[in-house]
Amino acid sequence: MAEKSVAAVEAISLGEKGRTMKEAIDRVSGMLLDLGAVEEGYGASMLAREEVISTYLGNGIALPHCTYEDKNLIKHTALVLAQYPAGIPWGDDDDIAYLVFGLAAVGEEHLAVMSHLAEVLDDEDLCDRLAASTDENYVRDTLAAPPE
């Protein structure tokens, strides 16, 4: 059996209607919980991290994850995506997230995930297309593709 990439998006939800950062974090943390990647309380830790430093990355992307102190809530590495075509205010007034990735990473695996995402999502036009897409296969395939 082929080894799964740590940068593979395991669950995607397009066309989400939430309007707040808390709703978006509740959504992606719930997706991670449904996958069995995290334990109860992971979403609260994601919100606590936002109080310390924003996980908004730019280009309409946010990557919420837990605080260092709550790493014990992670069962296995997983990455999920909730797309918000109308955007979610994220931290600063000018920061609007359209793609909210929920991350649970064991050990140093978060570095591989973040590196892959940074390369794939460094293209502003591509981010715009992903934020507006209604085709889950396109989103999944695009995120899984190696950067050009």
Side-chain angles (χ1 to χ4, degrees), residues 4-107 109-124 126-145:
K4 180 186 69 131
S5 165
V6 296
V9 180
E10 292 189 45
I12 296 174
S13 179
L14 302 180
E16 289 286 332
K17 306 268 192 258
R19 299 194 317 215
T20 68
M21 181 177 64
K22 182 183 181 325
E23 288 174 313
I25 287 175
D26 286 348
R27 178 66 175 122
V28 294
S29 66
M31 292 167 74
L32 289 167
L33 188 64
D34 290 346
L35 289 172
V38 299
E39 295 179 15
E40 288 288 341
Y42 193 78
S45 184
M46 291 171 118
L47 288 167
R49 180 168 203 91
E50 293 296 332
E51 294 293 320
V52 176
I53 188 166
S54 176
T55 60
Y56 183 79
L57 303 177
N59 276 353
I61 300 161
L63 183 66
H65 50 285
C66 73
T67 64
Y68 180 78
E69 296 78 17
D70 289 329
K71 292 275 187 188
N72 61 311
L73 297 175
I74 301 170
K75 295 180 181 179
H76 64 82
T77 297
L79 182 66
V80 299
L81 170 63
Q83 175 211 59
Y84 292 85
I88 297 280
W90 207 274
D92 294 337
D93 292 339
D94 295 337
D95 296 342
I96 304 295
Y98 300 93
L99 301 171
V100 179
F101 290 90
L103 174 62
V106 174
E109 289 182 347
H110 69 284
L111 298 174
V113 173
M114 293 172 77
S115 174
H116 177 74
L117 284 178
E119 290 178 21
V120 171
L121 301 173
D122 193 35
D123 180 335
E124 188 174 348
L126 177 58
C127 291
D128 290 344
R129 288 193 303 275
L130 291 171
S133 179
T134 58
D135 183 345
E136 183 176 325
N137 289 326
Y138 168 76
V139 173
R140 186 178 305 281
D141 293 347
T142 301
L143 292 173

*Should Glu23 and Arg27 count as an ion pair when the cut-off is N to O under 4.0 Å?*
no
What distance do [X] atom [atom1] and [Y] atom [atom2] have between them, rounded to the nearest 0.5 Å?
| X | Y | atom1 | atom2 | value |
| --- | --- | --- | --- | --- |
| Leu81 | Glu16 | CG | CD | 9.5 Å |
| Lys75 | Leu35 | NZ | CG | 11.0 Å |
| Asn59 | Leu57 | CG | CG | 9.5 Å |
| Ser45 | Tyr68 | OG | OH | 13.0 Å |
| Met31 | Ile12 | CE | CD1 | 8.0 Å |

With no hydrogens and no angle check, is any side-chain donor or acceptor of [X] less than 3.5 Å from a backbone partner on [Y]?
| X | Y | result |
| --- | --- | --- |
| Thr77 | Val106 | yes |
| Asp135 | Asn137 | yes |
| Ser29 | Asp26 | yes |
| Asp70 | Leu73 | no |
| Ser54 | Glu50 | no |
| Gln83 | Ser133 | yes |

*Decide yes or no on side-chain contact (heavy atoms from CB on, under 4.5 Å) for Glu10 and Asp34, but give the supporting numbers first.*
CA-CA 11 Å; Glu10 292 189 45; Asp34 290 346; over 6 Å; no
*Derivation and outcome, side-chain contact (heavy atoms from CB on, under 4.5 Å), residues Phe101 and Val28*: CA-CA 7 Å; Phe101 290 90; Val28 294; over 6 Å; no
*Evaluate the side-chain contact (heavy atoms from CB on, under 4.5 Å) criterion for residues Leu126 and Asp128: first the C-alpha distance (whole Å), next the side-chain angles of each, then the deciding distance (0.1 Å), finally the verdict.*
CA-CA 5 Å; Leu126 177 58; Asp128 290 344; over 6 Å; no
*Nearest heavy-atom pair of Leu130 and Tyr138: which atoms, and what distance?*
CD2-CE2, 3.8 Å
*Identify the two heavy atoms, one from Met21 and one from Ile88, that lie closest to each other, and give their separation to 0.1 Å.*
N-CG2, 3.5 Å
*With sequence neighbours excluded, what pairs up with Arg49 under the side chain to side chain contact (heavy atoms under 4.5 Å, CB included) test?*
Thr55, His65, Thr67
*Criterion side-chain contact (heavy atoms from CB on, under 4.5 Å) on Leu63 and Leu79, from CA distance to verdict*: CA-CA 9 Å; Leu63 183 66; Leu79 182 66; 4.1 Å; yes
Looking at side-chain heavy atoms only, is the closest gap between [X] and [Y] below 4.5 Å?
| X | Y | value |
| --- | --- | --- |
| Leu103 | Pro64 | no |
| Ile74 | Tyr42 | yes |
| Trp90 | Ile25 | yes |

